[in-house]
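Step one of this worksheet: look at the structure below.
No experiment lies behind these values; they were computed from the predicted model shown.
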Amino acid sequence: MTPDVNALNRKNIVDFIGSIFDRRGGEEYLGEPVTMGEHMLQGATIAERNNQPEEIIVGALLHDIGHFTSEFGMFTMDDTEDRHHEDAGAEVLEQFFPKVVTDCCRYHVAAKRYLCATRPEYFRRLSEASIHSLNLQGGPMDADEVAAFAENPNLETIIAVRYLDEAGKQAGMKTPDFWHFAPMVQRLVDRHCEAATT
């Protein structure tokens, strides 16, 4: 049974996200050679192995959580347009996580479009599935979009997570499970919620 998104709080959000990885992490990831869970865990694992900050590790871990939109009860009969996975995930995460983590989710698609426009070598990193989705997502940014996107104060972290997004598609790569990262995830939740109440 999908929980009411309004029932999520600081004390249960990490367990809820972990339950998504446990129950649904084995689902196909858009034609890639990894599952949804493997993809996100690989990005987080690579970041951790390279001693990246917790915001980047958790950003990589959660950037695609919006693919599981049915978990969040996002669809209503009042909706008038499609809810893209990056927005669906960010709308839930922003209640519990620092903006830098939420931005990694909300803008990881835009980051692909930005990098394809500003770093031609980046396009060669894209898988066939990622190229296909790029075309559906508007293709490389134009000059005005690039200029606007470059103003995001979290640009560097968003770009780091985008590179991890492409790296996390390795068939057979061993990673820890979500619960290895859970204490780190909880620390960011606690830090954000404490800051919001002071």
Side-chain angles (χ1 to χ4, degrees), residues 14 16-69 71 84-90 92-93 97-98 100-116 118-119 121-137 140 152 154-188:
V14 177
F16 173 63
I17 293 172
S19 78
I20 295 174
F21 274 81
D22 288 347
R23 291 181 288 108
R24 301 188 58 189
E27 293 179 12
E28 180 185 2
Y29 176 50
L30 307 176
E32 300 287 3
V34 292
T35 65
M36 282 298 309
E38 288 170 342
H39 169 59
M40 292 186 281
L41 289 166
Q42 284 184 14
T45 299
I46 293 167
E48 185 177 54
R49 288 176 181 170
N50 285 283
N51 299 310
Q52 294 294 311
E54 290 189 346
E55 290 81 4
I56 290 179
I57 297 170
V58 174
L61 180 68
L62 302 181
H63 77 279
D64 263 342
I65 199 72
H67 277 300
F68 302 114
T69 52
E71 296 286 341
H84 299 286
H85 78 278
E86 66 272 23
D87 297 322
V92 173
L93 296 182
F97 290 88
V100 63
V101 172
T102 302
D103 277 3
C104 289
C105 180
R106 179 170 277 123
Y107 297 118
H108 73 277
V109 169
K112 176 169 64 172
R113 298 183 60 225
Y114 172 84
L115 288 169
C116 284
T118 60
R119 303 180 190 178
E121 74 282 0
Y122 177 79
F123 185 82
R124 293 193 292 272
R125 293 174 175 261
L126 300 184
S127 65
E128 183 178 347
S130 198
I131 292 170
H132 175 68
S133 62
L134 172 68
N135 293 329
L136 297 178
Q137 293 155 349
N152 190 307
N154 295 317
L155 179 67
E156 186 176 334
T157 303
I158 296 166
I159 295 302
V161 168
R162 182 67 229 185
Y163 275 101
L164 290 164
D165 188 341
E166 300 308 332
K169 301 175 180 179
Q170 303 175 38
M173 177 182 167
K174 301 296 184 186
T175 70
D177 63 14
F178 172 85
W179 302 105
H180 166 81
F181 298 101
M184 183 186 302
V185 178
Q186 189 68 60
R187 280 196 297 275
L188 290 185

ring-ring contact (aromatic ring centres under 6.0 Å, His included) with F21: which of W179, F178, F181, F68? F178

Can you confirm whether the side chains of R162 and Y122 place a donor and an acceptor under 3.5 Å from each other? yes

Contact summary for A44 and A60, nearest pair of heavy atoms: N-CB, 3.8 Å

Any idea which heavy atoms bring A111 and I159 closest together, and the distance? CB-CD1, 4.1 Å

Where L188 and P98 come nearest, the two heavy atoms and their spacing: O-CD, 3.7 Å

N/O donor-acceptor pair under 3.5 Å between R119 side chain and L115 backbone: no

Yes or no on side chain to side chain contact (heavy atoms under 4.5 Å, CB included) for D64 and H108, after CA distance, side-chain angles and deciding distance? CA-CA 9 Å; D64 263 342; H108 73 277; 3.0 Å; yes

Looking at Q42 and Q170, would you say the former's side chain and the latter's main chain have a donor-acceptor pair under 3.5 Å? yes

Using distance alone, with no hydrogens and no angle criterion, decide if R23 and S19 have a side-chain donor and acceptor under 3.5 Å apart. yes

May I ask you to test the Y107-N154 pair for a side-chain heavy-atom distance under 4.5 Å? no

Side chain to side chain contact (heavy atoms under 4.5 Å, CB included) assessment of L62 paired with I17: CA-CA 9 Å; L62 302 181; I17 293 172; 3.7 Å; yes

Cationic N near anionic O, under 4.0 Å, E32 to K169: yes

Spacing of I46 atom CD1 and Q52 atom CD [to the nearest 0.5 Å]: 11.0 Å

What's the shortest heavy-atom distance between D177 and L41, and which atoms? C-CD2, 3.7 Å

So CE of M40 and CD of E38: to nearest 0.5 Å the spacing works out to 11.0 Å

I'd like to know if the side chain of K112 and the backbone of S130 have a donor-acceptor N/O pair within less than 3.5 Å. yes

More than 12 heavy atoms of other residues, nucleotides or ligands under 6.0 Å from CD of E128: yes or no? no

Between H39 and D165, is there a side-chain heavy-atom distance shorter than 4.5 Å? yes

How would you list, by chain and number, every residue that makes a side chain to side chain contact (heavy atoms under 4.5 Å, CB included) with T157, sequence neighbours excluded? I56, V100, C104

Which pair of non-hydrogen atoms, one from L134 and one from C116, has the smallest distance, and what is that distance? CD2-SG, 3.9 Å

Please say whether more than 12 non-hydrogen atoms of neighbouring residues, nucleotides or ligands are located less than 6.0 Å from CD in E156. no

Kindly indicate, with the supporting measurements, whether the criterion side chain to side chain contact (heavy atoms under 4.5 Å, CB included) is fulfilled by L61 and M184. CA-CA 11 Å; L61 180 68; M184 183 186 302; over 6 Å; no

Taking only residues two or more places apart in sequence, or in another chain, which ones meet H180 in a side chain to side chain donor-acceptor pair (under 3.5 Å)? E48

In terms of heavy-atom contacts, C105 and H63 come closest through SG-O, 3.4 Å

Once rounded to the nearest 0.5 Å, what's the spacing between atom CD1 of I20 and atom CE of M36? 10.5 Å

